[in-house]
A.B. asks: 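After the structure tokens below, expect a handful of questions from me.
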There are 2 protein chains.
Amino acid sequence: MERPIENYGDYLVKHHIRPSYARMKILQYLVTEKNHPTVDEIYHTLVKRLPTLSKTTVYNTLELFKDAKLVKQINIEENTARYDATVSDHGHFKCQGCGRIYDFTVDLDGMKAAGLEGFQIEEKNVYFKGVCPKCL
Amino acid sequence: MERPIENYGDYLVKHHIRPSYARMKILQYLVTEKNHPTVDEIYHTLVKRLPTLSKTTVYNTLELFKDAKLVKQINIEENTARYDATVSDHGHFKCQGCGRIYDFTVDLDGMKAAGLEGFQIEEKNVYFKGVCPKCL
DNA sequence: ATATTTGCAAATAATTTGCAGTCGA
DNA sequence: TCGACTGCAAATTATTTGCAAATAT
């Protein structure tokens with residue numbers, strides 16, 4: 001079960017990241033929206049209330065969050081990265097009709113994989129593509 | 001069980017693709033190398049023996065193959081697509097040490113996914129990241 | 001002859017980099 | 001003050017597009 005993150009600053013500090021304003025806003029956006037945004041979406045949403053924000057900072061911050069394992073990069077699109085702050089195991093479904101990305105529950109640990117004896121697995125990713133009920 | 005593709009031309013024709021020389025060479029490369037190449041790798045390898053080849057043709061051809069389900073695009077890298085002609089269900093493992101991409105066997109059908117009732121699933125993808133035995 | 005395929009060059013899009021200015025302990 | 005953080009602009013890289021030339025049926 002997940003807990004809402006009350007204080008983004010503390011959360012960052014716990015992960016050894018200095019809680020600048022931009023970083024807290026970006027983290028808050030990811031955590032509250034849960035919409036698997038692209039860099040562009042993050043930037044354009046936040047720049048409205050934080051006019052000095054630059055895309056470079058969004059890129060820098062996401063890189064930092066990735067290293068600290070606070071967010072995961074999602075490679076479900078052909079040519080742009082999306083980001084996800086949810087830590088629990090789940091897969092992503094991309095609807096080829098509307099483009100929306102849905103979460104679903106998947107048992108990553110229970111997944112039977114053969115041929116990786118002696119490999120050190122650090123990260124497991126699952127994504128599906130198809131058509132969502134709304135588009136059917 | 002898979003059968004080796006003896007004749008790339010016939011194979012293309014069966015899939016309603018006109019067997020131009022470039023297309024056959026690209027298909028042959030994918031099928032024989034099984035190395036999950038990028039567009040660049042395909043282009044640079046083939047242009048040595050096929051000097052008139054252009055990257056545009058590689059892109060066009062891969063798009064065509066994708067539509068015909070002859071190849072799958074792999075989004076395991078951050079910013080470049082890789083391609084795979086193997087049709088059987090398998091996952092990909094990327095070693096963060098050497099960058100090599102390994103295949104492994106995974107039971108995609110047996111994968112338990114909850115929360116996708118009413119969704120039409122057309123494609124399932126699994127990829128892991130970590131460190132391979134050689135790099136450990 | 002006609003449609004398809006190809007290739008060049010330019011355009012677009014995402015991301016990275018260099019560097020200078022700013023901010024905070 | 002000093003190092004970390006930010007932001008602009010330029011550079012880089014992957015991919016797409018427009019169109020004309022080549023090719024195949």
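Order of the sequence lines sets the chain letters (A, B, ...), proteins ahead of strands, with each chain counted from 1. Computed over heavy atoms, backbone and side chain alike; hydrogens, waters and symmetry mates excluded.
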A.B. asks: Figure out the CD1/P separation between A/Ile42 and C/dA14, and round it to whole Å.
C.D. replies: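 Going from CD1 in A/Ile42 over to P in C/dA14 covers 13 Å.
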A.B. asks: Send over the distance from B/Tyr21 OH to C/dG7 C1', rounded to a whole Å.
C.D. replies: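 The answer, rounded to whole Å, is 18 Å.
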A.B. asks: Test: salt bridge (Lys or Arg N to Asp or Glu O under 4.0 Å). Region: residues 110-135 of chain B. Which pairs qualify, not counting sequence neighbours?
C.D. replies: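 Listed once each, the pairs are B/Glu78-B/Lys129.
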A.B. asks: Any N/O pairs under 3.5 Å between the protein and nucleotides 22-25 of chain D? List them or say none.
C.D. replies:
none

A.B. asks: Could you tell me the separation between the CG atom of B/Leu46 and the P atom of C/dG7, rounded to a whole number of Å?
C.D. replies: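 Taking CG of B/Leu46 and P of C/dG7, I get 12 Å after rounding.
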A.B. asks: With a 3.5 Å cut-off and no angle check, do the side chains of A/Asn125 and A/His92 form a donor-acceptor pair?
C.D. replies: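 The answer is no; no qualifying pair exists.
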A.B. asks: Hey, does B/Leu30 have a side-chain heavy atom less than 4.5 Å from the side chain of B/Asp84?
C.D. replies: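 No. Closest side-chain heavy atoms not under 4.5 Å.
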A.B. asks: Ignoring hydrogens and angles, does a donor from either the side chain of A/Thr57 or the base of D/dC5 sit under 3.5 Å from an acceptor on the other?
C.D. replies: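 No, no donor-acceptor pair under 3.5 Å.
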A.B. asks: If you compare all heavy atoms of B/Gln28 against all heavy atoms of B/Tyr8, which two are closest, and at what distance to 0.1 Å?
C.D. replies: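 Heavy atoms of B/Gln28 and B/Tyr8 come nearest at CG-CE1, 3.6 Å.
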A.B. asks: Give each protein N/O atom lying under 3.5 Å from an N/O atom of nucleotides 11-15 of chain D, with the pair distance.
C.D. replies:
residue: D/dT15; atom: OP1; partner: B/Ala81; partner atom: N; Å: 3.1
residue: D/dT15; atom: OP2; partner: B/Tyr59; partner atom: OH; Å: 2.8
residue: D/dT15; atom: O5'; partner: B/Tyr59; partner atom: OH; Å: 3.3

A.B. asks: Check whether the side chains of A/Gln73 and A/Asn75 place a donor and an acceptor atom closer than 3.5 Å, and report yes or no.
C.D. replies: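 Indeed, the side chains of A/Gln73 and A/Asn75 share at least one donor-acceptor pair under 3.5 Å.
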A.B. asks: Please check if any side-chain donor atom of A/Asp40 sits under 3.5 Å from a side-chain acceptor atom of A/Thr38, or the reverse.
C.D. replies: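 There is no such pair between these side chains.
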A.B. asks: Rounded to the nearest 0.5 Å, how far does CD1 of B/Ile101 lie from OH of B/Tyr127?
C.D. replies: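 If we round to the nearest 0.5 Å, B/Tyr127:OH and B/Ile101:CD1 are 11.0 Å apart.
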A.B. asks: In whole angstroms, how far is the C1' atom of C/dT5 from the CZ atom of B/Phe65?
C.D. replies: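 It works out to 13 Å between those atoms.
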A.B. asks: For the pair made of CD in B/Glu77 and P in C/dT15, what is the distance, rounded to whole Å?
C.D. replies: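 From B/Glu77 CD to C/dT15 P: 14 Å.
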A.B. asks: What's the CD-C1' distance between B/Glu63 and C/dT6, to the nearest Å?
C.D. replies: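 Spelled out: CD on B/Glu63 to C1' on C/dT6 is 16 Å.
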A.B. asks: By nearest atom, which of the nucleotides D/dT6, C/dG7, D/dG7 is closest to the A/Ala22 side chain?
C.D. replies: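 Nearest to the side-chain atoms of A/Ala22, counting from C-beta on, is D/dT6.
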A.B. asks: Is there, by distance only and without an angle test, a donor paired with an acceptor across the side chain of A/Ser20 and the base of C/dC23 below 3.5 Å?
C.D. replies: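 No.
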A.B. asks: Rounding to an integer number of Å, can you tell me how far B/Leu53 CG sits from C/dG7 C1'?
C.D. replies: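 Those two atoms, CG and C1', are 9 Å apart.
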A.B. asks: Would you kindly give the CD1-to-P distance between A/Ile17 and D/dT6, to the nearest whole Å?
C.D. replies: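 So the CD1-P distance, A/Ile17 to D/dT6, works out to 11 Å.
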A.B. asks: If you check every side-chain atom of A/Ser54, which of D/dC8, C/dC8, C/dT6 has the closest atom?
C.D. replies: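 Of D/dC8, C/dC8, C/dT6, D/dC8 is nearest to the side chain of A/Ser54.
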A.B. asks: Looking only at the side chains, is there a donor atom on one of A/Arg100 and A/Tyr102 sitting less than 3.5 Å from an acceptor on the other?
C.D. replies: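 Yes, A/Tyr102 and A/Arg100 have a side-chain donor paired with an acceptor closer than 3.5 Å.
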A.B. asks: Under the ring-ring contact (aromatic ring centres under 6.0 Å, His included) rule, what do B/Phe128 and B/Phe104 come out as? Steps first, then yes or no, please.
C.D. replies: CA-CA 10 Å; B/Phe128 294 175; B/Phe104 62 86; 4.7 Å; yes
